[in-house]
There are 2 protein chains.
Amino acid sequence: MNNNENTQKSTIKDVAKAAGVSIATVSRVINKNYYVSPEINVKVQNAIVQTGYVPDSIARTMKSNNTNLIGFIVSNISNPHMMTIARAIEKVIRESNYNLLVCSTENDPTLELKYLNAFISRRISGLVLHSTGGNEEYIAQKISSTLPTVLMFRHNECKEFVGDTVDTDGRQGSYKLAKHLIECGHRRIALLGGHLEVSTGRDRYQGYQDAMREFGLEINPELHYFGDFSELSGLQGARKLFTTSNPPTALLCLANMAAVGAMKYFRDKGIHVPDDVSVVSYGDIENVELMWVNPTRIPQIPSVLGQKAGELVLDRIQNPHRPNREATFDTDLIIGNSVKNYI
Amino acid sequence: MNNNENTQKSTIKDVAKAAGVSIATVSRVINKNYYVSPEINVKVQNAIVQTGYVPDSIARTMKSNNTNLIGFIVSNISNPHMMTIARAIEKVIRESNYNLLVCSTENDPTLELKYLNAFISRRISGLVLHSTGGNEEYIAQKISSTLPTVLMFRHNECKEFVGDTVDTDGRQGSYKLAKHLIECGHRRIALLGGHLEVSTGRDRYQGYQDAMREFGLEINPELHYFGDFSELSGLQGARKLFTTSNPPTALLCLANMAAVGAMKYFRDKGIHVPDDVSVVSYGDIENVELMWVNPTRIPQIPSVLGQKAGELVLDRIQNPHRPNREATFDTDLIIGNSVKNYI
DNA sequence: TATTGACAAGTAAACGATTCCATACTAAGT
DNA sequence: ACTTAGTATGGAATCGTTTACTTGTCAATA
């Protein structure tokens, strides 16, 4: 039994003592950054195994200033897509020995701020941020200048902002959705949007307006409901928009979770899709293959977006001062059977 | 403009210099753990604001050995429920100023080991583990003795294991599912299980056996398929089990993602549920309200399970040597319309 | 043989905080 | 007025690494 491991964690000092060398030599063996003679190498390797030594990242970080930690701040984590994105990011950064720190701000800018500071205090190496939109200047001025930053589904308009952006082309996508409804003969089109404080909400709203104008249709604010991208707000919006004497013939959902909420409302109330109301969604829906109706939609492929975000943040860590990059993915319309054709 | 902040991060030394006091005093002001005279207190507070100082967690951890970091290791992150659990854990621990480190092992024990070591190296304060099942002894002997550990959906049989467990009662739940099928007149019941290396797989398999024996039915291995709890394995299992000359009348899925995979297969092939085949699922399915068929199932409420796991791990951090605790949630059968009644 | 150079291995100073211990100063008791 | 006790503050060690600098050995060359 040459099992020397106590319950106490062993340090580089213990390894050095066990191997009969200095701690500097042990460090060199571990990091393989200087030449160490083969015999000593073997001795140290054995001592490492014998003592059960695992290098301490905390102490390492003290010197190297590198935590190999990426922070991912999500504003509404209930969206399963955000977690698919988290997974994709994690998968990419893992290959470079990074770990992912995840948190959710529940759409609260104050909490977002708290997390940002906590993560900075932890000296994260990079940040992927799905912001609430409440801290644009602070992020531009204080965060992004010192911390490699990638924004998801958000654009930061401030001049000072240094960082990258991953998004789908919201204006293009919602234009396609609206146009499709119009071309199927719909005129009274209700809109379920996200709030306009964030670029995602604005862009997608813009695309809808583009299409309406192009076809000379009136943009009627009474048919608009702006929620917070959540399932609940989708449900509430659908209720509000469709309990009128003259309900719209179609609903354009600018967020996938809002579409889920709206469709749950319709199904619950026995409102048939597409016979009673047509529905289109910006963003994919979980288990779409198993749904009673196959929604016409603009899919956002979260694994692709997440992978891109991971790549960009790693790249920016390598090269913090390169120009901002915007990864905007084109959108494709997938035709399901959730839209009634009046033509 | 008394804006002294350069791009350089300021340390406790800078604050001390700015306030004209020693670093020890600054530390005392920050931590409020010793008396400091009101005047100096004010001076230091001002200096902190002036320098834009944020305490460095890394350096703190060097002394205090406390990272306020909880690790969450998931074996198959593609299951949306795992991410709902992650969210619930994060929500609980956030209130005690902990952050969550998330990773996925893709069912690879080697990767799990790598992550475990990486997290130990990061000196995480606690661990929630959804293990692949490949490292039971190591976890019992090396991990759990020094690190507050909570297992999700897994039981560690080793005597040395020190830690808590969160699970639903798998034997009970799958017994209920099997019994329900039998009571609806099904006799040829196919089984889509998870692998038996993990307790979840074994317990649920056991419950099925209990029910079959109770009703004097033959347990026919030809009707069993053991996959890895994933959607893909569910799909493959369904294909294997239902491309025979005399297919079973019912499918008992012991994992929610497997059920998803199987149902996608059935729908794709035009096999009607429940007319052609009855399906029951252990575990809930995302957006079940929108599905073409409402599966009869045992729901596992991930937010509740996650919350429990978060509470247990925090509690164990406070009190590392208390006896192991097992949080086993009872199961309820939800009757949908995915089972044909032959009686 | 003496001098130089190469290079392996050790010594010690960081990194940024916390905290034990020492010190100096105030106030009270005889 | 002198000792003593109490206490606010500073000095310095410490946590576990990395790495610049130093030391010492040995082979090669003149």
Side-chain angles (χ1 to χ4, degrees), chain A residues 6 8-45 47-48 51-69 97 117-118 120-125 146, chain B residues 6 8-45 47-48 51-69 97 117-118 120-125 146:
Chain A
N6 295 341
Q8 279 301 319
K9 183 180 86 165
S10 52
T11 72
I12 198 170
K13 236 184 234 172
D14 304 321
V15 178
K17 188 180 288 180
V21 300
S22 74
I23 59 169
T25 302
V26 176
S27 175
R28 287 191 268 255
V29 169
I30 293 163
N31 295 298
K32 301 185 174 64
N33 47 1
Y34 292 91
Y35 183 90
V36 176
S37 71
E39 313 90 69
I40 289 203
N41 212 311
V42 170
K43 270 205 291 185
V44 172
Q45 295 288 5
I48 288 175
T51 54
Y53 169 70
V54 179
D56 184 311
S57 317
I58 299 289
R60 274 191 164 162
T61 301
M62 278 294 282
K63 289 294 300 180
S64 68
N65 215 20
N66 181 10
T67 51
N68 274 34
L69 222 45
N97 281 311
N117 281 324
I120 286 174
S121 164
R122 287 192 189 281
R123 297 204 221 169
I124 57 172
S125 310
T146 54
Chain B
N6 296 341
Q8 278 302 318
K9 182 180 84 164
S10 54
T11 72
I12 199 170
K13 236 184 233 170
D14 304 321
V15 178
K17 189 180 286 177
V21 298
S22 75
I23 59 169
T25 302
V26 176
S27 174
R28 287 190 269 256
V29 169
I30 293 164
N31 295 298
K32 302 186 174 65
N33 47 1
Y34 293 91
Y35 184 90
V36 176
S37 71
E39 314 89 70
I40 289 203
N41 211 312
V42 170
K43 270 204 294 185
V44 171
Q45 295 287 4
I48 288 175
T51 54
Y53 170 70
V54 177
D56 184 312
S57 317
I58 298 290
R60 274 190 164 161
T61 300
M62 279 293 283
K63 290 291 301 178
S64 68
N65 216 21
N66 182 9
T67 51
N68 274 34
L69 223 46
N97 280 312
N117 282 325
I120 285 173
S121 162
R122 288 193 187 280
R123 298 203 219 169
I124 57 172
S125 309
T146 54

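Reminder, nothing fancy here: chain letters follow the sequence lines and each chain counts from 1.
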Using whole Å, what does the distance between atom C1' of nucleotide D:dT17 and atom NZ of A:Lys9 come to?
10 Å
Within the structure shown, what part of the strands sits under 4.0 Å from B:Thr11 by heavy-atom distance: base, sugar-phosphate, or nothing?
sugar-phosphate
Side-chain atoms of B:Met62 come closest, of C:dT19, C:dA12, D:dG16, to D:dG16
For A:Ser27 and D:dT17, is the shortest distance between a side-chain N/O and OP1 or OP2 below 4.0 Å?
no
Mind checking if A:Ile58 touches a base, just sugar-phosphate, or nothing, with heavy atoms under 4.0 Å?
nothing
Provide, to the nearest angstrom, the distance between the CG atom belonging to B:Asn66 and the P atom belonging to C:dA17.
16 Å
In sequence, state the C-alpha distance, the side-chain angles, and the governing distance for A:Lys17 and A:Ile23, and then conclude on side chain to side chain contact (heavy atoms under 4.5 Å, CB included).
CA-CA 8 Å; A:Lys17 188 180 288 180; A:Ile23 59 169; over 6 Å; no
Measure from the side-chain heavy atoms of A:Ser37 and tell me the nearest of D:dG10, C:dT18, C:dA8.
C:dA8
Rounded off to whole Å, could you give me the CD1-to-P distance for the B:Ile48 and C:dA17 pair?
11 Å
Main chain of A:Asn66, side chain of A:Thr61: is a donor-acceptor contact present, judged purely on distance under 3.5 Å?
yes
Check every atom of D:dG10, D:dT18, D:dA20 against the side chain of A:Asn31 and return the nucleotide holding the closest atom.
D:dT18
Round to a whole Å and report the spacing from NZ of B:Lys17 to C1' of D:dG10.
16 Å
Using modelled atom types and a 3.5 Å cut-off, is there a donor and acceptor pairing between side-chain atoms of B:Ser57 and backbone atoms of A:Ser121?
yes
Output yes when at least one side-chain N/O atom of A:Asn33 is less than 4.0 Å from OP1 or OP2 of D:dT19, else no.
yes
Decide side chain to side chain contact (heavy atoms under 4.5 Å, CB included) for A:Asp14 and A:Tyr53; before the verdict, give the C-alpha distance in whole Å, the side-chain angles of both, and the deciding distance to 0.1 Å.
CA-CA 8 Å; A:Asp14 304 321; A:Tyr53 169 70; over 6 Å; no
If you only use heavy atoms from C-beta on, which nucleotide in D:dT19, D:dG10, C:dT11 is closest to the side chain of B:Ser22?
D:dG10
Here the distance between atom P of C:dT11 and atom NZ of A:Lys13, to the nearest Å, is 13 Å
Can you see if the side chain of A:Thr25 gets near the phosphate of C:dA9 - specifically, an N or O under 4.0 Å from OP1 or OP2?
no
Which residue lies more 5' along DNA chain D, comparing B:Val36 with B:Arg123 via nearest heavy atoms:
B:Val36
Whichever of B:Tyr34 and A:Arg60 has the more 5' nearest nucleotide on DNA chain D, that residue is B:Tyr34
Nearest-Å distance, NZ (B:Lys43) to C1' (D:dA8)?
13 Å
Return the value, rounded to whole Å, for the distance between atom CD1 of B:Ile30 and atom C1' of C:dT18.
10 Å
Judged by each residue's nearest nucleotide on DNA chain C, which is more toward the 5′ side, B:Asp56 or A:Val21?
A:Val21
Check this for me: does the side-chain of B:Lys63 come within 3.5 Å of the base of C:dA17 through a donor and an acceptor?
no
Counting any heavy atom closer than 4.0 Å, what does A:Asn65 reach on the DNA or RNA strands: base, sugar-phosphate only, or nothing?
nothing
Could you please name the option among D:dG10, D:dG16, C:dA17 that lies closest to any side-chain atom of B:Arg28?
D:dG10
When you get a sec, tell me which of C:dT18, D:dT9, D:dT17 is the closest nucleotide to the side chain of A:Ile12?
D:dT17
Atom CZ of B:Arg122 and atom P of D:dC15 are separated, to the nearest Å, by 23 Å
Base, sugar-phosphate alone, or nothing: which one does B:Ile23 contact when heavy atoms must sit under 4.0 Å apart?
base
Output, in order, the C-alpha distance, side-chain angles, deciding distance and verdict of side chain to side chain contact (heavy atoms under 4.5 Å, CB included) for B:Val29 and B:Lys43.
CA-CA 10 Å; B:Val29 169; B:Lys43 270 204 294 185; over 6 Å; no
Using a strict 4.0 Å threshold on nitrogen-to-oxygen distance, state whether A:Arg122 and B:Asp56 make a salt bridge.
no
